[in-house]
Structure formats: C-alpha cells, structure tokens
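This report refers to the structure that appears directly beneath it.
Along the sequence shown, residues carry numbers from 1.
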Amino acid sequence: MRSDLIKKGLERTPHRALLYATGLPKSQIDKPFIGVATSFTDIIPGHISMNDLSRFIEKGIHSAGGYPFFFGIPGICDGIAMGHRGMKYSLPSRELIADIIECIVEAHQFDGLVLLTNCDKITPAMLMAAARLDIPAVVLTAGPMLSGYYKGKRRNLTSDTFEAVGKFKKGLITKREMEDLEMCACPSAGSCQGMYTANTMACVTEALGMSLPGVAATPAVMSEKRRQAFETGYRIVEIVKNQITSRKILTKEAFYNAIAVDMALGGSTNTVLHIKAIAKEANIDLPLEVFDEISKATPHIVNIVPSGEHYMEDLYRAGGIPAVLNRLKDKLFSNLTVSGYDIREIAKKAKIYDEDVIRPLNKAYNKEGGIAILRGNLAPHGAVVKQTAVSEKMLVFEGIARCFNSEEEAMNAIINGKIKEGDVVIIRYEGPAGGPGMREMLSPTSAITGMGLNESVALITDGRFSGGTRGPCIGHVSPEAAKGGPLAIVMDGDRILIDIPARKLELLIPQSEFNKRMKQWKPIEPKIKSGYLSRYSKFVSSADKGAIME
C-alpha cells in the first residue's frame with residue numbers, strides 16, 4: 001500500500017508515534033488509509049449538509065476495512081461571489097483546490113481518496129486532483145436543492161432572484177414580491193435547483209464513472225443521500241484493494257460519454273472549461289471541436305431550468321443519470337466506473353420513470369445538444385454558447401456593438417436603461433488573464449432577461465456565464481481581449497453577426513480596417529497587481545485550453 005511509506009519499518013517509528021497521537025488504534029494501522037477531502041462550509045448552501053454525509057462516509061470506510069482521515073478544502077459560493085470583485089476568485093480557486101489535494105495526499109501517502117463536493121469549481125478541482133494523482137478515488141456530490149414555492153409556482157435561484165432584479169427595475173414586480181422571493185427561492189440545503197454549473201458537473205462526474213450510479217440527481221435532503229455516502233465510503237476501500245486508479249476510469253471514452261450526457265442535458269457552458277482541464281490532468285487530448293461534434297450528434301432530451309420548466313428533483317424521480325444513460329446507450333463507449341460496472345451495463349439496467357423529463361431521442365427538445373462552439377474573426381480560437389437556452393428568433397442575430405471594459409460598466413448601463421433592442425453588449429477584459437479570473441456574467445445576463453430584452457439583445461464576452469444564463473449569450477471568446485484578441489478592437493456602433501446554426505461569430509468591418517485596428521491595439525493596465533490573482537493572471541491559459549495554469 002502507498003501508506004506503507006509512512007507507517008512501515010524501523011525508520012518510521014516517529015511517524016507511527018504521530019499517527020497514534022491522532023487516536024489511531026494500533027489494531028488499525030495495517031488497514032488502508034483513506035483520505036476524505038470535504039469542502040464543508042457554513043456559507044455555501046450546497047455544502048452545509050456535508051458534515052452529516054461525512055459520518056456515513058466514515059461508517060462505510062470502517063465497515064469495508066479501511067481507516068479514514070478527513071481534511072478540509074476551501075469553497076466559494078458562486079452565487080454570493082457573483083456581480084462583484086469576489087467572482088474574480090471563483091475560477092482561480094479551482095487550481096488552488098486541486099493543488100491543495102495534491103499536497104495533502106502526497107504528503108501523507110493516502111491509499112485512496114473520497115472527494116466530498118458539490119459546487120461549481122470545487123467538483124472539477126477535485127476531479128483534476130484525482131486525475132493528476134492517479135490513485136483510487138470516488139467522488140460524492142452532496143446533491144441538489146429542492147425547488148422553492150411561491151404564488152402557486154415552483155421557484156429557483158436564477159429566474160426568481162437574479163432575474164427579479166431586472167423585473168423590479170422595470171416595475172414588473174413589487175418590493176414585497178422581491179422580499180418574498182428572497183425568502184423562498186432557496187428552501188433547503190443543496191446545489192441550486194437547475195442545470196447550472198454545480199449540478200451539470202455532478203452529472204458529468206457520474207457520467208465519467210467517478211461517482212456511484214444515481215448520486216448526481218439525488219436531492220441533498222433525501223435519506224438516500226446518506227446511503228450513497230455509506231456506499232461511497234465502502235466502495236473506496238474495495239477500489240483500493242483492487243487497485244483501480246483514477247486514470248483507469250478517466251479514459252478518452254469516459255470523456256466522450258460525459259460530453260454526450262452533458263449535451264443531452266443542455267448543461268452549463270462552464271463544463272467546456274472544466275472537462276478540458278480534467279482531461280489535461282488525465283493526459284487526454286480533447287480539442288474544442290470534440291464538444292461541437294458530439295453536440296451535433298446528441299439530441300437535447302432533458303430540459304431543466306433555466307432553459308426548461310423541470311427541476312433537478314424531477315430528473316431524480318425520472319431515474320437520474322442512469323436513465324439518461326439508458327436513452328443514450330447506443331451512443332456510449334464501454335468504460336469502467338467506480339461502481340465496478342461498465343457504464344453500458346449501468347445504462348442497460350436503468351429504468352426511465354418519466355418520458356417527458358427524459359424524452360426519447362426521436363422526441364427530443366432539440367435535435368442538437370446544449371452547447372455550440374462558434375468561430376470567426378471575432379473568436380478565431382473559439383467561443384461557447386448554450387444554444388438550447390437561446391430562442392429560435394435569436395439563433396441568427398445581427399446587432400450594434402455596445403462596448404464595456406468591465407462587468408460593472410455593462411451592468412450599470414443595463415440597469416439604467418441604456419441598452420436597447422438590437423444591441424450587442426460586449427464585455428471584454430474579463431477573460432482568465434484580463435479579469436483576472438474570468439468572471440461569470442449572471443448579473444448582467446439576468447438583468448437583460450428580467451427587463452424583457454433577451455429576445456432582442458445579445459451579449460458577448462471573454463468572460464464566462466453561470467449555468468443559469470439564458471438567451472443569446474456568448475462567452476469564452478478566445479483569444480481574450482487582454483491578450484490582444486479581436487474582441488479588444490470592437491468599437492461602439494460596429495455591426496456584429498451571430499449565426500449559431502452556422503457556428504459563426506463575426507465583426508462586420510472591412511478587412512483593411514480590421515488589420516489596422518489590430519496593429520494599433522495596446523494592452524491596458526492590469527486590473528490587479530498584487531496577491532494571488534496577479535500571479536494567476538501571469539500563468540493562466542486561454543479559455544479554449546480550459547483556463548488551466550501553465
């Protein structure tokens with residue numbers, strides 16, 4: 001066992017003394033040492049239930065003959081960090097978390113690893129660490145939140161709080177209604193109720209084979225989640241004994257399967273960044289084009305908020321990710337999972353309990369999957385859009401550029417009624433290096449939607465979007481403005497063409513004028529010049545590479 005390095009032999013006498021100082025019984029020292037990375041925190045709703053789950057993970061590990069050691073991992077709530085400088089830290093925290101897990105695991109030579117996670121950057125960070133370390137690992141996502149309820153309708157975080165800001169500014173709802181929505185939109189522990197980034201990544205994790213069947217969609221408050229925690233703890237010991245390391249599961253086939261599930265779900269655009277980053281750690285080459293190819297071949301069969309009317313609890317009752325795999329079984333590659341079963345075996349055995357929540361392929365919500373990759377002179381290295389959240393009317397759109405060099409500038413213009421029908425809001429210098437941190441633009445996109453402009457106004461950014469974003473919102477524009485990408489040379493009044501079916505994103509100016517502006521462009525001053533973000537901005541790659549540290 002790996003842990004023999006810290007507990008066997010005469011020269012490890014002091015090491016054993018320290019282990020016994022933790023309360024480790026002498027009878028347990030020869031058992032597999034299992035590290036349990038938990039991102040429990042009081043400030044993220046998706047993580048407040050983790051201490052309870054930890055007890056059941058611990059029971060499972062002991063029952064299977066292992067010995068657990070818990071350690072903490074930091075977490076950021078993207079919703080609370082949204083719309084201000086705090087969001088600059090969200091994506092960069094992904095790299096920190098992966099590095100922290102590497103440090104703790106390598107320093108203490110754990111034999112296996114349970115990764116207890118739930119929210120946006122934390123889940124991909126833990127998967128990155130598992131791939132990098134290539135030791136036995138199982139992920140447990142803590143589960144989605146239940147929907148809220150108000151005035152006869154189910155409610156959720158995005159459309160009932162973020163979009164409510166724009167509705168209030170336009171006089172569509174009262175202050176009392178705003179206050180009531182604040183209190184009821186998020187009624188329980190769990191990751192936010194829709195197919196936002198946290199839940200999309202939980203589904204991707206299960207489709208990759210890194211969590212047990214059914215884990216992703218099971219609500220956080222269900223007793224079944226406790227049983228899943230127990231089985232996760234039990235299973236990691238079995239995996240250690242069988243030496244099934246993470247890269248034996250995280251194969252190219254696994255990534256193709258996960259992308260197909262992502263497309264069928266109409267998941268968050270952030271998964272493009274995260275899946276590429278995880279693949280890089282697993283030494284898998286995953287070009288941006290793969291996402292587009294799989295999207296074109298995978299119908300959109302699950303339509304959950306923000307683009308649809310269903311919630312994660314509906315997906316759970318309909319059969320969860322195993323049921324989605326069942327729909328896609330003829331498109332899946334054979335691949336091992338942490339359960340010990342091949343992903344195709346899981347798909348074959350699964351049952352579908354609601355034909356509308358998980359539709360047949362021939363009755364899909366959309367013929368193509370959730371994400372499209374756009375290219376053109378405005379995004380020569382690619383840009384990403386959640387096409388299933390765009391109305392048919394806006395799939396092809398030509399508008400007038402309104403340029404802003406920060407999210408705050410754009411938000412001020414939107415809230416104060418300065419954005420009109422036919423505008424294309426350009427938010428630049430918000431990319432991985434330029435932001436720094438590639439902030440999510442949920443506040444401006446939600447304000448546009450709340451003010452009723454999402455079918456007449458588009459938004460383009462080198463930043464990114466929350467999974468809660470809907471409408472013609474194009475992100476991850478690469479190269480980013482701070483690196484001299486063409487987004488930097490757009491001027492107010494320029495015409496922009498968005499053609500999602502044709503995968504085009506074009507700045508409609510003469511080539512001579514385009515070349516002239518590119519030659520004249522000069523970098524702007526860095527927005528942050530000290531601390532972690534300053535270091536991050538110097539080493540982070542572009543979005544088309546997954547915004548990884550190089």
Side-chain angles (χ1 to χ4, degrees), residues 195 200-201 203-209 216 250-276 278-279 282 284-304 307-308 315 318-335 337 342-348 350 352 355-376 379 382-390 392 395-396 467 474 476 499-505 544 546:
M195 195 54 71
T200 308
M201 281 308 306
C203 295
V204 164
T205 302
E206 187 175 328
L208 280 169
L250 292 171
T251 64
K252 180 172 283 190
E253 290 77 14
F255 284 100
Y256 277 52
N257 290 339
I259 294 169
V261 169
D262 187 8
M263 298 306 155
L265 295 170
S268 166
T269 53
N270 281 317
T271 57
V272 177
L273 288 174
H274 299 325
I275 291 172
K276 283 183 68 68
I278 299 161
I284 302 294
D285 183 34
L286 206 62
L288 203 56
E289 285 73 21
V290 168
F291 291 84
D292 211 40
E293 291 166 6
I294 295 175
S295 183
K296 287 178 179 178
T298 309
H300 174 217
I301 58 172
V302 178
N303 206 21
I304 291 174
S307 58
L315 178 60
I321 293 305
V324 177
L325 293 168
N326 180 275
R327 286 286 194 229
L328 301 175
K329 59 182 179 292
D330 293 334
K331 296 177 178 290
L332 298 176
F333 293 95
S334 176
N335 202 76
T337 72
D342 188 281
I343 195 81
R344 296 182 71 173
E345 290 181 75
I346 295 169
K348 187 177 179 180
I352 299 162
E355 294 279 326
D356 188 46
V357 175
I358 307 172
R359 288 190 174 182
L361 299 185
N362 62 357
K363 294 183 180 179
Y365 290 97
N366 296 281
K367 291 181 180 179
E368 294 186 0
I371 290 171
I373 307 299
L374 310 185
R375 291 186 186 270
V384 179
V385 63
K386 188 173 182 176
Q387 62 177 341
T388 50
V390 181
E392 190 172 346
L395 289 172
V396 179
I474 298 161
H476 306 203
D499 189 338
I500 295 172
R503 306 302 200 250
K504 286 184 180 179
L505 184 60
D544 64 295

Sequence neighbours excluded - salt bridge (Lys or Arg N to Asp or Glu O under 4.0 Å) pairs with any residue from residues 324-335 | Arg327-Glu355

Contacts of Asn326 meeting side-chain hydrogen bond (donor to acceptor under 3.5 Å, both in side chains) (sequence neighbours excluded), chain-then-number -> none

Without swapping roles, check the side chain of Thr298 against the backbone of Ala260 for a donor-acceptor pair under 3.5 Å.
-> no

Can you list the residues that meet the side-chain hydrogen bond (donor to acceptor under 3.5 Å, both in side chains) rule with Thr337, with sequence neighbours excluded?
-> Ser339

With sequence neighbours left out, what residues match Ala207 under side-chain contact (heavy atoms from CB on, under 4.5 Å)?
-> Ala258, Val261

Met201 backbone acceptor or donor facing Thr205 side chain under 3.5 Å = yes

For Glu392, which residues count as a side-chain contact (heavy atoms from CB on, under 4.5 Å) partner, sequence neighbours excluded?
-> Leu395

Spell out, as yes or no, whether a donor-acceptor pair under 3.5 Å connects the side chain of His274 to the backbone of Lys276.
-> no

By salt bridge (Lys or Arg N to Asp or Glu O under 4.0 Å), which residues pair with Arg503, not counting sequence neighbours?
-> Asp292, Glu368

Those residues at least two apart in sequence (or on a different chain) that pass side-chain hydrogen bond (donor to acceptor under 3.5 Å, both in side chains) with Asp342 are Ser334

Of all residues at least two apart in sequence or in a different chain, which pass the side-chain contact (heavy atoms from CB on, under 4.5 Å) check with Ala297?
-> none

Glu293: what forms a side-chain hydrogen bond (donor to acceptor under 3.5 Å, both in side chains) with it, not counting sequence neighbours?
-> none

Looking at residues at least two apart in the chain, or sitting in another chain, which of them share a salt bridge (Lys or Arg N to Asp or Glu O under 4.0 Å) with Glu289?
-> Arg375

Sequence neighbours left out, what passes side-chain contact (heavy atoms from CB on, under 4.5 Å) with Lys386? Give chain and number order.
-> Thr269, Pro306, Thr388, Ala389

Residue set satisfying salt bridge (Lys or Arg N to Asp or Glu O under 4.0 Å) with Asp356, at least two apart, ordered chain then number -> Arg359

